[in-house]
Each structure stands twice: as C-alpha cells, then as structure tokens.
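These notes concern the structure reproduced below.
This chain uses plain numbering: 1 for the first residue, then up along the sequence.
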Amino acid sequence: MRGLRLVFAVVCLCASLAVAQGKTEKTSNGWTCPKPADAHSIEIGDKPGHAYSVDQITCTSTKGEIGGVREKEGTGTEFAEVTGNSMKGHGVFVETMANGDKLHFVYQFTATTKDGKMESGSNKYQATSGAGKFKGIKASGTCKGTGKPDGAVDWACTGTYSIP
C-alpha cells in the first residue's frame with residue numbers, strides 16, 4: 001500500500017509539471033538600443049520628408065527572463081516608411097538568451113522622430129520560433145520606446161509566453 005501511495009504521488013507530481021510546461025506566463029522586460037550603426041534611407045521624391053529606410057541594431061537586455069532564463073541581447077533588422085516626423089514599419093528581432101538559446105520575433109512599430117532621432121515609439125511583437133529550451137514557444141506582447149538625446153532608445157515590454 002505504501003508503494004502504491006508513492007507511485008500515485010509521483011504520477012501527480014509529473015502531471016502537474018507537464019501542465020505547468022504549457023502554461024501561459026507573463027513577462028516584463030527592458031532593452032536599451034544604441035543609435036543604429038548600419039542604417040540606410042532613400043528619399044522617395046513624391047513629397048519632402050518621405051523616405052524608406054532599413055537599419056540593423058543590436059540591443060542589450062536591461063531586465064527580464066523567459067522560462068527562468070535571463071535575456072541577454074538581440075539584433076533587430078527593420079524596414080520603415082518615414083513621413084515627416086513619423087515612421088511606421090516592421091522587423092525581425094533575433095534574441096540570444098543567457099544560456100545561448102535563440103528566439104525569433106516579428107514586430108510592427110510606429111514612432112515619432114525629431115531631428116532624425118526617435119522620440120517615442122511602440123510596437124507589437126510575436127514569437128515565430130525558438131531553439132533549445134524555447135523550441136515551440138508561443139509569445140506576444142507590446143513595447144513602449146523612449147528616445148534619448150544621443151539617438152539611443154530604451155524599450156519597456158510586457159507580454160505573455162508559453163513553452164510546450
């Protein structure tokens with residue numbers, strides 16, 4: 001009888017761990033991104049201040065973890081349409097976690113600029129894939145960005161994720 005109770009306890013523990021694996025969790029993280037080192041802009045010519053731009057930026061995590069693993073850094077490659085002091089666009093963010101695993105996200109953003117630097121912005125993101133511990137991850141959320149005088153941007157993000 002004692003052995004049967006132990007087996008029952010182990011089965012219950014394993015079942016609860018299996019359920020917790022796919023459970024939706026909340027996340028809150030922060031990123032600091034310097035001014036893009038690689039950026040290109042092409043004026044369209046139909047009206048002043050209308051351009052397409054592409055850039056790539058490497059950001060450093062200031063806080064946050066997913067599935068108990070600390071976020072480390074990420075590289076965003078994005079395309080934007082600039083009209084005067086506003087821009088909208090989309091990009092791909094490849095994140096490297098502290099354990100070396102990678103996550104891939106897509107995002108859509110809008111921003112306001114002044115003197116060619118972002119003042120404020122927001123985006124919506126969604127995970128498209130992950131590697132290692134994060135294979136099969138589902139994640140989505142939003143971020144708010146605040147520009148700095150040197151062209152850097154601080155991002156504060158919230159969202160949810162589940163790992164199968």
Side-chain angles (χ1 to χ4, degrees), residues 25-164:
E25 302 283 342
K26 291 185 179 183
T27 185
S28 175
N29 53 30
W31 297 90
T32 188
C33 306
K35 184 177 179 180
D38 192 10
H40 306 278
S41 182
I42 299 172
E43 286 290 325
I44 295 171
D46 60 342
K47 56 187 170 187
H50 191 203
Y52 289 133
S53 70
V54 64
D55 66 63
Q56 189 169 60
I57 190 160
T58 298
C59 304
T60 304
S61 173
T62 57
K63 73 171 192 160
E65 64 179 43
I66 298 175
V69 180
R70 178 87 167 95
E71 292 173 294
K72 184 177 175 186
E73 65 184 12
T75 299
T77 304
E78 56 192 26
F79 175 81
E81 180 175 9
V82 180
T83 306
N85 288 332
S86 65
M87 60 175 23
K88 63 181 175 178
H90 57 92
V92 174
F93 191 75
V94 179
E95 180 176 351
T96 302
M97 305 298 285
N99 68 355
D101 288 345
K102 302 240 186 234
L103 296 166
H104 304 110
F105 297 90
V106 293
Y107 59 94
Q108 298 80 38
F109 67 90
T110 59
T112 59
T113 63
K114 183 176 181 182
D115 300 324
K117 298 174 187 170
M118 193 178 105
E119 284 189 316
S120 65
S122 63
N123 73 37
K124 291 182 179 183
Y125 67 85
Q126 181 175 347
T128 58
S129 65
K133 176 180 180 164
F134 303 100
K135 187 174 182 176
I137 189 170
K138 295 195 183 314
S140 62
T142 60
C143 301
K144 297 284 185 197
T146 305
K148 296 176 165 184
D150 66 356
V153 179
D154 287 333
W155 292 94
C157 306
T158 58
T160 59
Y161 69 91
S162 65
I163 302 170

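Residues Ser53 and Val82 share a closest heavy-atom pair of OG-CG2, 4.1 Å. Smallest separation of non-hydrogen atoms from Ala152 and Pro34: CB-CA, 3.9 Å. Nearest heavy-atom pair, Thr113 versus Ser86, reported as atom, atom and distance to 0.1 Å: OG1-N, 4.3 Å. Here the closest non-hydrogen pair linking Tyr107 and Val92 is CE2-N, 3.6 Å.
For residues 143-164, no pair satisfies ring pair (Phe, Tyr, Trp, His ring centres under 6.0 Å), with sequence neighbours left out. Under the disulfide (SG to SG under 2.5 Å) criterion, the residue pairs touching residues 95-144 are Cys143-Cys157, with sequence neighbours excluded.
Between Asp150 and Lys35, no side-chain nitrogen of the basic residue sits less than 4.0 Å from a carboxylate oxygen of the acidic one, so the salt-bridge criterion is not met.
The OG atom of Ser28 lies 3.5 Å from the NZ atom of Lys63; values are rounded to the nearest 0.5 Å. The CD atom of Glu71 sits 11.0 Å away from atom OG1 of Thr96, with the distance rounded to the nearest 0.5 Å. Interatomic distance, CD of Glu95 versus CD1 of Ile66, reported as 5.0 Å (0.5 Å rounding). Considering CZ of Phe109 and OG1 of Thr142, their distance stands at 15.5 Å, rounded to 0.5 Å. With rounding to the nearest 0.5 angstrom, the CD1 atom of Ile163 is 8.0 Å from the CG atom of Leu103. Between Glu81 atom CD and Lys88 atom NZ the span is 5.5 Å, to the nearest 0.5 Å.
Between Tyr125 and Phe105, the ring planes are perpendicular. Angles over 60° get that label, and only those under 30° would be called parallel.
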Could you go step by step and tell me if Val153 and Ile57 meet the side-chain contact (heavy atoms from CB on, under 4.5 Å) rule?
-> CA-CA 11 Å; Val153 179; Ile57 190 160; over 6 Å; no
Dump the intermediate steps for side-chain contact (heavy atoms from CB on, under 4.5 Å) on Lys148 and Asp154, then the final yes or no.
-> CA-CA 8 Å; Lys148 296 176 165 184; Asp154 287 333; 2.8 Å; yes
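Counting heavy atoms from C-beta outward, Phe93 and Glu78 have side chains that stay 4.5 Å or more apart.
A distance-only check finds no donor-acceptor pair linking the side chain of Asp55 to the backbone of Pro36 [under 3.5 Å]. Judged by distance alone, the side chain of Thr62 and the main-chain N or O of Gly30 form a donor-acceptor pair under 3.5 Å. For Arg70 (side chain) and Met97 (main-chain N/O), no donor-acceptor pair under 3.5 Å exists by modelled atom type. Proximity of a side-chain donor or acceptor of Thr32 to a complementary backbone N or O of Thr60 within less than 3.5 Å is not detected. Using modelled atom types, no side-chain atom of Lys133 and backbone atom of Asp101 make a donor-acceptor pair closer than 3.5 Å.
Side-chain contact annotation: Asn85 with Thr112, donor-acceptor N/O pair under 3.5 Å absent. A side-chain N or O of Gln56 and one of Thr77 form a donor-acceptor pair less than 3.5 Å apart. Using modelled atom types and a 3.5 Å distance limit, the side chains of Lys102 and Ser129 yield no donor-acceptor pair.
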